Amino acid sequence: MRRSSTFARQVLLVRVGRRDGDLRTTDLTLPEHRYADRQRRRYGLDRLSRPAGVSRAGIEAVMPVSPALPMAQHTDEATAGSIPLLPGERTMARRMKFAVVNACTLSSLMLGMLAIFLAMQGEVRIAALCLIACVIFDGLDGALARRLGVASPFGAQMDSLADMCSFGLAAPVVVYASLAGSVSTAAAAVACALVAACAAIRLARFNVSPKDGRFFCGVPTTMAAAVLAVTVAIGLPVPGFVLVAGVALLAFAMVSSFPYAKLARLVKLPPWLWLAPVLGALVDIRLTFALIVVGYLISGPVLWLRQRRTA
């Protein structure tokens, strides 16, 4: 009974081969699982070894294939290497448009590098202005790609890498240079390192997440860098520890799951709501900017609570 109950564990034997009209039996054993040696010793199957001259390819040729597992697909290296960067018709006009869009992306990257060099030399305000220019070029390349019809996966990855350099690295360096002397070096380094780490997480999550046309999931990296750049450029008159706390809060807001409205939805707001910031900027631009940033950060948790109540 014990031997008869082990039918499912025994080795499958396949009889193959035909020579000169005579049948010749060859025992081919399939690859066994990790307990193969234990079963062979237990049930005396050591004599069922693979015959000499039988290759593994011959065994795999007669192996049963499970329908639950997809067949392995072998990609031709020549075909894989010839995938064009610009999908669709590759005319000279489309190539020129594609080059213009990627030139905007590279301009954002170069301005981010310039901001780092300027911050290292102590030109913090000018470095912050370079970051604001990075934000402009970052929005310009996406708008041009959609308008000219040359959007591509290559352009999306290029934009993501440029954003990491300009907004994930250059922005924390500029903020760190601006905080020098007002707070401890360790506190400024930790806050700026959080910005870099959260920016990388935010960009990677954006690349693999489904897109929502109405809201962002967390504060966009571009918007966070713009807030930091404007804060440094206008010289917000707040204590150093408040700035460090604000930088850390902005970093965590990037990787949060709170929904934040996109610019296209903000444009549709009533005109009187746009008039209030303009009038406030004429009175005190620093206070108005701080109130706008705080209001936008609070809007995410408010929308999140509203969606949970209506769900």
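Note that the structure is predicted; figures quoted are calculated from it, not measured.
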Might you point out which heavy atoms bring [X] and [Y] nearest each other, and give the distance in Å?
{"X": "Asp141", "Y": "Val101", "value": "O-CG1, 3.5 Å"}
{"X": "Met254", "Y": "Cys198", "value": "CE-CB, 4.0 Å"}
{"X": "Ala170", "Y": "Leu131", "value": "CB-CD2, 3.8 Å"}
{"X": "Leu194", "Y": "Ala248", "value": "CD1-CB, 4.2 Å"}
{"X": "Ala162", "Y": "Thr105", "value": "CB-CG2, 3.7 Å"}

Does any non-hydrogen side-chain atom of [Y] lie less than 4.5 Å from one of [X]?
{"X": "Leu106", "Y": "Met158", "answer": "yes"}
{"X": "Trp304", "Y": "Pro259", "answer": "yes"}
{"X": "Ile292", "Y": "Pro277", "answer": "yes"}
{"X": "Thr91", "Y": "Arg94", "answer": "yes"}
{"X": "Val135", "Y": "Phe167", "answer": "yes"}

Would you give the length of the straight line joining atom CG of Leu161 to atom OG of Ser108, rounded to the nearest 0.5 angstrom?
->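 One finds 11.5 Å between CG of Leu161 and OG of Ser108.
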Any chance you could lay out the side chain to side chain contact (heavy atoms under 4.5 Å, CB included) test for Tyr296 and Met223, step after step, and finish with the verdict?
-> CA-CA 11 Å; Tyr296 187 76; Met223 190 171 296; 3.2 Å; yes
Quick one: do Thr222 and Asp138 satisfy side-chain hydrogen bond (donor to acceptor under 3.5 Å, both in side chains)? Show the steps, please.
-> CA-CA 8 Å; Thr222 305; Asp138 180 69; 3.0 Å; yes
Is there a donor-acceptor pair closer than 3.5 Å between any side-chain N or O of [X] and the backbone N or O of [Y]?
{"X": "Tyr260", "Y": "Ser299", "answer": "no"}
{"X": "Arg125", "Y": "Val232", "answer": "yes"}
{"X": "Ser166", "Y": "Asp163", "answer": "no"}
{"X": "Arg205", "Y": "Cys217", "answer": "yes"}
{"X": "Thr288", "Y": "Ile285", "answer": "no"}

Ser160 side chain to Asn207 side chain, donor-acceptor N/O pair below 3.5 angstrom |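 On atom types as modelled, these side chains qualify, holding a pair under 3.5 Å.
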Do Ile126 and Ile116 belong to the same hydrophobic cluster, where Ile, Leu, Val, Met, Phe, Trp and Tyr are linked whenever their side-chain heavy atoms lie under 4.5 Å apart, directly or via other members?
->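 Shared cluster, no.
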Only one of Ile234, Val227, Leu228 forms a side chain to side chain contact (heavy atoms under 4.5 Å, CB included) with Val230, so which one is it?
->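 The single option meeting the side chain to side chain contact (heavy atoms under 4.5 Å, CB included) with Val230 is Ile234.
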Do the numbers put Lys262 on top of the ring of Phe215, so that NZ or CZ is under 6.0 Å from the six-membered ring centre and no more than 45° off the axis?
->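 No, Lys262 does not lie over the aromatic ring of Phe215.
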Verify side chain to side chain contact (heavy atoms under 4.5 Å, CB included) between Ser182 and Leu243, making sure each step is shown before the conclusion.
-> CA-CA 10 Å; Ser182 59; Leu243 284 176; 5.7 Å; no
Give me the ring orientation class for Phe154 and Phe98: parallel if the planes are under 30° apart, tilted from 30 to 60°, perpendicular past 60°.
->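 It falls in the tilted class, 30° to 60°.
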